[in-house]
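Report on the following structure.
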Amino acid sequence: MANKHTVSFKLNGNDVDVVVEARELLIHTLRERLATTGPHIGCETTHCGACTVDLDGASVKSCTVLTVQCQDAEVLTIEGLEQNGELHALQEGFTQEHGLQCGYCTPGMITRAYRLLQENPNPSEEDIRYWMAGNLCRCTGYQNIVKAVQFAAEKLSSAQA
Amino acid sequence: MIPRSFEYHAPQSVSEAIELLQKYGDTARLLAGGHSLIPMMKIRFAEPEHLVDLGKVAELRGIREQGKELRIGAMTTENDLIWSTLVQQKCPLLVEAARLIGDPQVRYKGTLGGDISHGDPGNDHPAIMLALGASFVLVGSNGERVVAADDFFVDTYVTALEPDEVLTEIRVPVLAKNTGWCYAKLKRKIGDFATAAAAVVLTMKGDTVKEVAIALTNAGATAFRAREAEDSLRGKKFDDAAIAEAARLVMSICDPAEDLRGDVEYKTAMTGEMTRRALRTARDRAI
Ligand SMILES: Cc1cc2nc3c(=O)[nH]c(=O)nc-3n(C[C@H](O)[C@H](O)[C@H](O)COP(=O)(O)OP(=O)(O)OC[C@H]3O[C@@H](n4cnc5c(N)ncnc54)[C@H](O)[C@@H]3O)c2cc1C
Ligand code: FES
Ligand code: FES
């Protein structure tokens, strides 16, 4: 066990403990140990953003984070966005605006957009395109993804008002 | 792709980190944001036996103003720089460069200290540091020393850092009045390293150039300053002929590596063009 570490963190609000080798990547811990398969593996080379999760208030590519770096962290994945059986405004936006086709990029897109809207509740189209640029989509051409984020931004801000 | 096995250490302080570096010598590697190192470990381009994570070392984060300098902790991330009103006001060049690095997720993790320490000529901050005349605080078992950016970048992946040293702080002069600045970067797509890029800091006196620094990214084994081009501009009237001559001198010293971004001739020509653009923009901002 010399090389193994017990790592405790919060995943979508629940405490979890895992025993991992230092070299284990967060995406594998999530998918293979914690049955959290929303974050996808697209490229494994830090380029596509399909593996994006929210880690201590930052959008990160979980294929490029070691699980041992997550001691005491708060991790949020697409699985954690729905509340009491109700879809998050972003999930609704992606449905309403047809923001996905095959859906492979979608969990990463939505998780990234979640953090973007926390930081900037009223982003311009340019803001959305610039701050979502770490997530690639091979299907949609991005137009409807922008609309989906705008839909969610409007819904969330009118709920606040 | 999973890195080779290694031992992981999470020191709480710089001194603990240095002790670990001393203990494990060149089998150890510091981990900052991990966005150069982890990809390299995945492809076995780096195979450290001990990884010393600076992530829990709180003293390495933060940005403050002291005298005529910004003092930036090495673990400050690119997004921390972009969102800092202090940096926006006192050194907007740093914000312009950080916004051109990687993509949003890379910028949440990648650190200023890591970008500088990595020693890759494709990293953007080295040229920015050279153009600004920044200096770096290096702390090791023999204590602390301050090294000028001009003396830091030795060769590809080789810097002035000793194996047991940690870059703790980056000191950046606050931009003086009448100083213009620009980082012009050509890249194929978001998240790509520079095909060519030039950083310029320029102070004008009327129509003439009072002071200028030009530094280049990905045009040689390290980022470097184009001294002859700077000399050709200093004290001269800033006009098209002066810009053309500076760009010619820049291109005469470019030695880029051929890769998928282009061959030597193309990259050299683009470095000239980035220099022209950066000079013009810097001049517009200087007035
Ligand atoms: C998709 C992608 C796109 C990218 N695009 C760009 C780009 O356009 N421009 C750019 O500049 N970079 C780019 N990068 C690289 C990124 O900015 C890295 O974050 C940066 O190069 C290294 O910083 P880090 O904090 O991640 O360091 P790490 O990867 O953790 O470390 C890099 C090296 O520096 C050493 N080191 C780190 N911190 C210290 C310290 N404080 N003291 C001493 N040594 C230290 C480490 O031991 C290691 O050798 C990109 C990366 C990716 C994955
Ligand atoms: S799988 Fe992580 S960025 Fe593509
Ligand atoms: S919906 Fe298919 S990759 Fe985005």
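Lettering of chains follows the sequences in order, A, B, ..., and the numbering in each one begins at 1. Being a predicted model, the structure only gives us computed values, none of them experimental.
Under a 3.5 Å cut-off, the side chain of B:Lys109 and the backbone N or O of A:Lys61 do not form any donor-acceptor pair.
Contact tally against chain A (heavy-atom pairs below 4.5 Å) for B:Lys56, B:Arg4, B:His35: the top residue is B:His35. The most heavy-atom pairs under 4.5 Å with chain B, out of A:Asp72, A:Ile41, A:Leu25, come from A:Leu25. In terms of heavy-atom pairs under 4.5 Å with chain B, the best-connected choice from A:Glu21, A:Arg115, A:Glu24, A:Arg112 is A:Arg112.
Only the side chain of B:Leu31 has a heavy atom closer than 4.5 Å to any heavy atom of chain A. Neither the backbone nor the side chain of B:Leu37 comes within less than 4.5 Å of any heavy atom in chain A.
Taking the centre and axis of the six-membered ring of A:Tyr130, the NZ or CZ atom of B:Arg99 falls inside the cone set by 45° and 6.0 Å.
Within a 6.0 Å sphere centred on CG of B:Asp26, heavy atoms belonging to other residues, nucleotides or ligands number 12 at most.
For the side chain to side chain contact (heavy atoms under 4.5 Å, CB included) with B:Gln105, the qualifying choice from A:Thr52, A:Thr64, A:Thr46 is A:Thr52, the only one to do so.
With a 4.5 Å cut-off on side-chain heavy atoms, B:Asn79 and A:Trp131 count as touching. In this structure the side chain of A:Val68 never reaches within 4.5 angstrom of the side chain of B:His9, judged on heavy atoms. Using a 4.5 Å heavy-atom cutoff, the side chains of A:Cys63 and B:Met1 are not in contact.
Here the shortest heavy-atom pairing between B:Ile38 and A:Gln69 reads CD1-OE1, 3.9 Å.
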